[in-house]
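To keep things clear, I will list the structure first and then write my remarks on it.
FYI, side chains are in, hydrogens and waters are out, and symmetry mates aren't considered; it's all heavy atoms of this structure. Each chain gets a letter, A, B and so on, in the order its sequence line appears, and its residues count up from 1.
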Protein chains: 2
Amino acid sequence: MLTKKKIPQSTVWRLSQYLNCLSLLSSEKCREISSHELAERVGVKSTQIRQDFHYFGGFGQPGCRYNVGQLIGELEAILGLDKPQNMIIVGAGNIGQALAHYDKFEPLGFRLKGIFDVNPRLFGLKIRGVGVRDVKELPRFVKDHHIRIGIITTPARVAQSVADLLVRIKIKGIWNFSPMNVTAPEGVSMVNENLSVGLMTLSHKIKGG
Amino acid sequence: MLTKKKIPQSTVWRLSQYLNCLSLLSSEKCREISSHELAERVGVKSTQIRQDFHYFGGFGQPGCRYNVGQLIGELEAILGLDKPQNMIIVGAGNIGQALAHYDKFEPLGFRLKGIFDVNPRLFGLKIRGVGVRDVKELPRFVKDHHIRIGIITTPARVAQSVADLLVRIKIKGIWNFSPMNVTAPEGVSMVNENLSVGLMTLSHKIKGG
DNA sequence: CTTTATATGTTAAAAATTTAACGATCTTTT
DNA sequence: AAAAGATCGTTAAATTTTTAACATATAAAG
């Protein structure tokens with residue numbers, strides 16, 4: 001049952017796609033789904049799905065289609081969505097504010113607890129009930145509110161130093177939206193989300209065909 | 001010299017990382033760089049870089065390090081950034097407005113020409129000189145202004161129909177930020193940028209290590 | 001009750017991607 | 001001028017990931 005077989009990054013990525021699709025199906029009162037149907041909806045091959053699930057021992061039994069509710073539960077557990085996680089946003093600029101407004105994270109168990117900036121003009125601004133605070137208060141706030149995830153939406157030049165600060169105060173994961181590739185030491189998870197990359201990828205695709 | 005060897009998606013993704021890094025180096029007056037130095041900065045192996053470049057015949061010669069300026073030019077050409085491309089944003093909500101404010105696309109040659117929404121209250125709002133218009137004007141606007149790229153930042157339920165509209169009016173590429181996976185027919189390039197996926201990936205990483 | 005159709009788990013093959021090894025070329029040093 | 005060191009391009013090996021094949025189990029039909 002040990003799942004320490006090293007899961008491909010692409011599999012993790014697809015699992016969240018499956019979960020996305022399954023949540024939608026569930027809201028439409030769909031109770032069961034086959035690997036073929038799910039594959040078609042997500043745009044992958046059915047064998048890919050069964051193989052992805054196989055990394056975790058599989059979630060069904062031969063002959064029977066998957067139970068949608070169970071599948072959602074399993075995927076949520078794998079992705080760490082079964083328990084709520086507290087987040088903060090560092091940088092209350094446009095991207096930071098947009099992410100604070102975004103209401104699709106909350107249903108997944110991600111709770112935004114605070115927003116931080118250096119600009120005093122923004123202090124006190126509230127977004128969906130969450131206030132913007134002085135970044136000086138950040139270390140204390142993280143400790144007091146059991147913050148696990150930090151979202152960096154600052155200018156590139158300070159992104160790494162913000163990350164270093166977050167690491168020092170024992171944050172568990174960093175989601176970086178600044179255009180600078182940020183690194184974190186072993187033990188702190190890191191996802192760099194350079195927005196320009198998506199646009200460049202699209203541009204290349206347009207050229208190619 | 002034909003480069004139709006099928007370039008891995010991961011290679012394209014890395015190329016934009018390289019370009020990002022090289023642009024920074026160039027602004028620091030760095031003229032030459034070895035595959036080892038670049039690899040270290042981007043966080044990949046040097047053989048990976050040489051192999052990536054090899055898909056296009058290579059951009060240097062044995063014994064000499066790469067010329068930063070030339071490399072930037074080559075990568076820009078591959079990624080289709082050598083000629084400006086006009087874009088529109090459909091959906092003037094939080095994500096749409098944040099992307100409109102974002103100033104890192106312009107230097108790459110992506111020019112935002114218009115923002116569209118269905119909410120009359122937003123009509124006339126200007127972001128960095130670009131106005132919000134009625135979505136009814138969209139087809140005409142796209143034709144008149146040679147728009148090649150459409151960015152979808154609408155609610156999920158209308159995302160596919162917006163994409164269908166964009167396809168009908170002969171847009172070349174679609175960058176979708178709605179949480180719904182959108183599809184486009186052969187001939188129209190598509191990049192789905194589901195924001196939740198990044199967060200779920202991070203959550204899984206935190207669990208794992 | 002048996003047969004047929006459907007559907008998953010599992011194993012193996014195939015394909016794709018990454019990494020390593022090595023030869024060729026240029027620069028620098030002696 | 002020759003030798004040593006560094007560096008890229010290219011080819012081959014290793015690894016990873018995807019796809020296919022098949023055995024097994026359930027449900028439905030005859």
Name each donor-acceptor pair under 3.5 Å that joins a side chain in residues 100-114 of chain B to protein atoms two or more places apart or in another chain, with its distance.
unit_1	atom_1	unit_2	atom_2	d
B/His101	ND1	A/Asn94	OD1	3.2
B/His101	ND1	B/Gln97	O	3.1

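Legend: salt bridge (Lys or Arg N to Asp or Glu O under 4.0 Å) pairs involving residues 149-178 of chain A, not counting sequence neighbours: none detected.
Judged as a side-chain contact (heavy atoms from CB on, under 4.5 Å), and not counting sequence neighbours, the contacts of A/Thr153 are A/Ile89, A/Ile95, A/Leu99, A/Ile151, A/Phe177. Applying the side chain to side chain donor-acceptor pair (under 3.5 Å) criterion to B/Glu76, with sequence neighbours excluded, gives no partner residue. Legend: residues meeting ring pair (Phe, Tyr, Trp, His ring centres under 6.0 Å) with A/Phe59, ordered by chain and number and at least two apart, are A/Phe53. In this structure A/Cys30 satisfies the side-chain contact (heavy atoms from CB on, under 4.5 Å) test together with A/Leu25, A/Val68, sequence neighbours excluded. In this structure, the side-chain contact (heavy atoms from CB on, under 4.5 Å) partners of B/Val135, at least two apart in sequence or on a different chain, are B/Val90, B/Phe116, B/Val118, B/Leu138. Annotation: side-chain contact (heavy atoms from CB on, under 4.5 Å) contacts of A/Ser161 (sequence neighbours excluded): A/Val158. With sequence neighbours excluded, the residues that form a salt bridge (Lys or Arg N to Asp or Glu O under 4.0 Å) with A/Arg65 are A/Glu32, A/Glu37.
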Between protein and nucleic acid, restricted to nucleotides 19-24 of chain C and to nitrogen or oxygen atoms under 3.5 Å apart, what atom pairs and distances do you find?
unit_1	atom_1	unit_2	atom_2	d
C/dT19	OP2	B/Gln48	OE1	3.4
C/dT19	O4	B/Gln51	NE2	3.2

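Listed by residue number, B/Ile33, B/Ser34, B/Ser35 are the residues of residues 10-44 of chain B with a heavy-atom contact under 4.0 Å to DNA chain D.
Side-chain N/O atoms of B/Gln61 include none lying less than 4.0 angstrom from OP1 or OP2 on C/dT25.
Of all nucleotides in DNA chain D having an atom under 4.0 Å from a heavy atom of chain A, the first and last in 5' to 3' order are D/dT16 to D/dT26.
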